[in-house]
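Please read these numbers as outputs of a predicted model, since none were measured by experiment.
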Amino acid sequence: QVQPRESGGGLVQPGGSLTISCADSRRPFHNYVMAWFRQAPGKEREFVAAIDALDGDTDYSDSVKGRFTISRDNGESTLYLQMDSLRPEDTALYLCAECVRSCEAFTRGLANYGYWGQGTQSTDST
């Protein structure tokens, strides 16, 4: 029943911006890699971005690199994703997760993450 809650999703115009967040007040974030994934209708869940809270290093998928920015507020146990220049293909359910295995380096594997949130929807107006 331990589950973080994402918020900030909504309907936006093409080329617009949206910021979503993920917070878990019941379980504070550990000093591990945190990541955002997304899942569009009829498609598999895919990696979006990750951040190492220890040194601030980030990792982005090619599809969002240069448009999305991941950040983390360690004090408030909140993860953020700033999405700019949104495209129709960005429409998806966005979920946050924490790396639990093979975290010595950035990983994009679904099996290496746990403590998934329920997701927040970002939908293009087109």
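- Contacts of Arg87 classified as salt bridge (charged side-chain N to carboxylate O under 4.0 Å, His left out), with partners at least two apart in sequence or in another chain: none.
- Scored by the side-chain contact (heavy atoms from CB on, under 4.5 Å) test, Leu86 finds Val12, Leu18, Phe68, Met83, Asp90 as partners (sequence neighbours excluded).
- Distance alone, capped at 3.5 Å, places no donor-acceptor pair between the Arg38 side chain and the Val48 backbone.
- Residues Ser17 and Ser85 come closest through the heavy atom pair OG-N, 4.4 Å.
- Asp124 and Thr91 are not linked by any side-chain donor-acceptor pair at a separation below 3.5 angstrom, with hydrogens and angles left out of the test.
- Nearest heavy atom pair, residue Leu93 against residue Gln118, reads CD2-O, 4.0 Å.
- For the atom pair OH (Tyr80) and CD1 (Ile70), the distance works out to 12.5 Å, reported to the nearest 0.5 Å.
- For Trp116 and Phe37, the distance between ring centers is under 6.0 angstrom.
- Here Leu79 contributes atom CG and Trp36 contributes atom CH2; the two are 5.5 Å apart, rounded to the nearest 0.5 Å.
- Judged purely by atom type and a 3.5 angstrom limit, Ser122 has no side-chain atom pairing as donor or acceptor with the backbone of Gly9.
- With rounding to the nearest 0.5 angstrom, the CE atom of Met34 is 10.0 Å from the OG1 atom of Thr78.
- Annotation: the span from Gln39 atom CD to Glu46 atom CD amounts to 9.5 Å, rounded to 0.5 Å.
- Counting all heavy atoms, side chain and backbone alike, Leu54 lies closest to Asp52 at N-OD1, 3.0 Å.
- Taking CD1 of Ile20 as the reference point, atom CG of Leu81 lies at 4.5 Å (rounded to 0.5 Å).
- Distance alone, capped at 3.5 Å, is enough to place a donor-acceptor pair between the Gln121 side chain and the Ala92 backbone.
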**Prompt:** Please walk me through it: do Gln82 and Thr19 pass side-chain hydrogen bond (donor to acceptor under 3.5 Å, both in side chains)?
**Reply:** CA-CA 4 Å; Gln82 173 68 47; Thr19 299; 2.2 Å; yes
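- Of all heavy-atom pairs between Ala50 and Val33, the closest is CB-CG1, 3.9 Å.
- Listed here is the closest heavy atom pair of Phe106 and Asp57: CZ-O, 3.2 Å.
- Leu110 is not listed as a side-chain neighbour of Phe47, based on a closest heavy-atom distance of 4.5 Å or more.
- In Glu89, the CD atom is crowded: over 12 heavy atoms of neighbouring residues, nucleotides or ligands sit closer than 6.0 Å.
- Contact record, Cys96 with Glu6: N-OE2, 2.8 Å, taken as the closest heavy-atom pair.
- A donor atom on one side chain and an acceptor atom on the other are not found under 3.5 Å apart for Ser102 and Thr107.
- Here the straight-line distance linking atom SG of Cys99 with atom CZ of Arg108 works out to 13.0 Å at 0.5 Å rounding.
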